[in-house]
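Quick notes on the structure that follows.
Every chain is numbered from 1, with letters handed out A, B, ... down the list of sequences.
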Amino acid sequence: MRIGYPCINYSIERKGTSTFRLKSYSPQRLIETVEFNLVYLRQMLEYNLAHEIYFFRISSGLVPFASHPVCKFNWQGHFAESFAEIGKFIKKHKMRINMHPDQFVLINSIDEDVLKRSVAELEYHAQVLELLGLGAAAKIQLHVGGVYGSRDESMARFARRFEKLSDAVRKRLVIENDHVNYGLSDCMEVHRMCGAVILFDVFHHSVLSRGETIEECFKEFTGTWKKADGKPMVDYSSQKSGARAGTHTESIDVKDFKRFLDVTSRWDFDIMLEIKDKEASAAKAIKAARGDKRLFVESL
DNA sequence: TCTGGTCAAGGTGGT
DNA sequence: ACCACCTTGACCAGA
């Protein structure tokens with residue numbers, strides 16, 4: 001079991017800028033920004049190693065506008081060596097990586113242009129992972145998408161589109177239950193249609209479900225992961241008290257987390273903490289899991 | 001130097 | 001048809 005956090009580390013002081021506006025695009029600007037982002041990524045990974053954090057989500061903003069028509073620069077070639085070096089570090093320390101494209105990536109969209117842009121964006125994500133030298137266990141997580149007036153048709157459309165994706169994308173793409181449209185049971189149905197692996201979001205499940213227990217969910221979704229996919233991945237967060245249902249907490253609820261570890265003790269998996277204070281909660285979670293037989297077995 | 005309006009991209013639901 | 005909301009950081013123009 002690995003425990004991690006997404007994209008940003010607040011303990012590391014950053015000097016520079018991580019993105020820019022479309023208006024300011026130039027190859028030079030892109031080079032400067034990606035150089036900065038790769039240095040920052042490396043710093044975060046080193047921080048993670050020092051703090052026993054072996055799971056990390058790389059920001060989709062690593063290469064700004066990579067899938068936009070404005071970007072004609074061969075960043076893949078230009079930064080190949082830097083990516084490979086970072087990838088070596090990741091593999092050396094048996095770290096787990098994933099990525100999560102933004103909300104406008106929808107492969108079940110009824111708009112062909114949205115589909116085209118989404119596929120381009122997914123290709124970009126796969127390229128990043130390829131350049132790092134990471135295989136099918138480095139996942140790209142996506143929601144099923146919109147409803148467009150018919151859930152059944154939209155799930156079937158997802159499955160059809162999934163099957164047409166390139167190998168590089170398809171072998172890494174996993175679907176995550178959301179908290180509005182498609183719960184775990186829907187994802188399982190999509191899985192039966194096209195074989196897509198399922199990442200379980202515990203918090204979304206607490207907002208949208210058919211009342212299945214966590215154990216029942218684990219029995220189901222862990223079965224969609226094959227050996228080449230690596231350990232199952234789980235997104236974990238909890239409700240911010242007093243806020244509207246679905247609002248992520250500021251900092252981890254350690255009691256709730258311990259209960260979760262207890263309930264899932266029969267399974268080994270990697271946990272991504274989708275919590276606002278990032279590495280601070282990761283530290284608390286690792287402390288809470290200390291002594292759990294599953295923790296860090298791969299790094300011993 | 002500071003601040004707040006704004007930023008590529010979509011979908012949903014209320015009016 | 002139109003608009004707020006989702007959710008979030010940080011760019012960058014203007015003060």
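Atom NE2 in A:His179 sits roughly 8 Å away from atom C1' in C:dC6 (whole-Å rounding). Atom P of nucleotide C:dG9 and atom OH of A:Tyr5 are separated by 15 Å, given to the nearest angstrom. Rounded to an integer number of Å, the gap from CD of A:Gln103 to P of B:dA9 is 11 Å. Atom CG in A:Leu115 sits about 16 Å away from atom C1' in B:dG11, given to the nearest Å. One interatomic measurement links the two molecules: OH of A:Tyr124 to C1' of B:dA9, which rounds to 14 Å at whole-angstrom precision. The nearest whole Å value for the distance from the CG atom in A:Asp113 to the P atom in B:dA9 is 13 Å. Atom NE2 of A:His100 and atom P of C:dT7 are 12 Å apart (whole Å). Taking atom CG of A:Leu208 as the reference point, atom P of B:dT12 lies 14 Å away to the nearest angstrom.
Checking C:dT8, C:dT7, B:dA8 against the side-chain heavy atoms of A:Ser67 singles out B:dA8 as nearest.
The existence of a salt bridge linking A:Arg117 and A:Glu121 is excluded, since no basic side-chain nitrogen approaches an acidic carboxylate oxygen closer than 4.0 Å.
Residue A:Glu215 places its CD atom among more than 12 non-hydrogen atoms of other residues, nucleotides or ligands, all under 6.0 Å distant.
In this structure, A:Arg96 fails the cation-pi test against A:Phe56, since its NZ or CZ atom is not both closer than 6.0 Å to the six-membered ring centre and inside 45 degrees of the ring normal.
Taking atom P in both B:dC2 and C:dT8, the straight-line distance is 27 Å, to the nearest Å. For the P atoms, the distance from C:dG14 to B:dA8 is 16 Å, rounded to whole Å. Spacing between C:dC12 and B:dA9 at atom P, rounded to whole Å, works out to 16 Å. Taking the P atoms as reference points, B:dG4 lies 24 Å from C:dT7, given to the whole Å. B:dT3 and C:dC6 have their C1' atoms separated by 25 Å, given to the nearest Å. A gap of 22 Å separates the P atoms of C:dG9 and B:dG10, to the nearest Å.
A heavy atom lying under 4.0 Å from DNA chain B marks the following residues of residues 9-36 of chain A, by number: A:Arg21, A:Leu22. For DNA chain C, none of the residues of residues 153-165 of chain A falls under the heavy-atom distance limit of 4.0 Å.
Using cut-offs of 30° and 60° on the angle between ring planes, the pair A:His68 and A:Phe65 is perpendicular.
Residue contacts shown for A:Tyr148 are limited to sugar-phosphate atoms, with no base heavy atom under 4.0 Å away. Using a 4.0 Å heavy-atom criterion, one finds that A:Val180 contacts no nucleic acid atom at all.
Remark: C:dA15 base-pairs with B:dT1. Criterion, Watson-Crick or G-U wobble with two distances under 3.5 Å. Nucleotide C:dT7: unpaired (no Watson-Crick or G-U wobble partner with both distances less than 3.5 Å). Figure legend. B:dA8 is base-paired to no nucleotide; pairs are counted as Watson-Crick or G-U wobble with both atom distances under 3.5 Å.
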**OP:** Applying ring pair (Phe, Tyr, Trp, His ring centres under 6.0 Å), run through A:Phe269 and A:Phe218 and close with a yes or a no.
**Re:** CA-CA 10 Å; A:Phe269 54 97; A:Phe218 267 71; 5.0 Å; yes
**OP:** Begin with the C-alpha distance, continue with both residues' side-chain angles, and end with the deciding distance and a verdict on ring pair (Phe, Tyr, Trp, His ring centres under 6.0 Å) for A:His93 and A:Tyr54.
**Re:** CA-CA 8 Å; A:His93 299 294; A:Tyr54 294 102; 8.0 Å; no
**OP:** Could you walk me through whether A:Lys226 and A:Asp229 pass salt bridge (Lys or Arg N to Asp or Glu O under 4.0 Å), step by step?
**Re:** CA-CA 5 Å; A:Lys226 300 199 187 74; A:Asp229 298 310; 5.4 Å; no
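The aromatic ring of A:Phe104 is stacked on the base of B:dA9, with the two ring centres less than 5.5 Å apart and the planes inclined by under 30°.
Annotation: A:Tyr236 is not in aromatic contact with A:Phe203 [ring centroid separation under 6.0 Å not met]. Ring pair A:His143/A:His179: centre-to-centre distance not below 6.0 Å.
Under the ring-ring contact (aromatic ring centres under 6.0 Å, His included) criterion, A:Tyr124 pairs with A:Trp75, sequence neighbours left out.
Shown are A:Glu130, A:Gln141, A:His125; of these, the side chain to side chain donor-acceptor pair (under 3.5 Å) with A:Arg172 is made only by A:Glu130.
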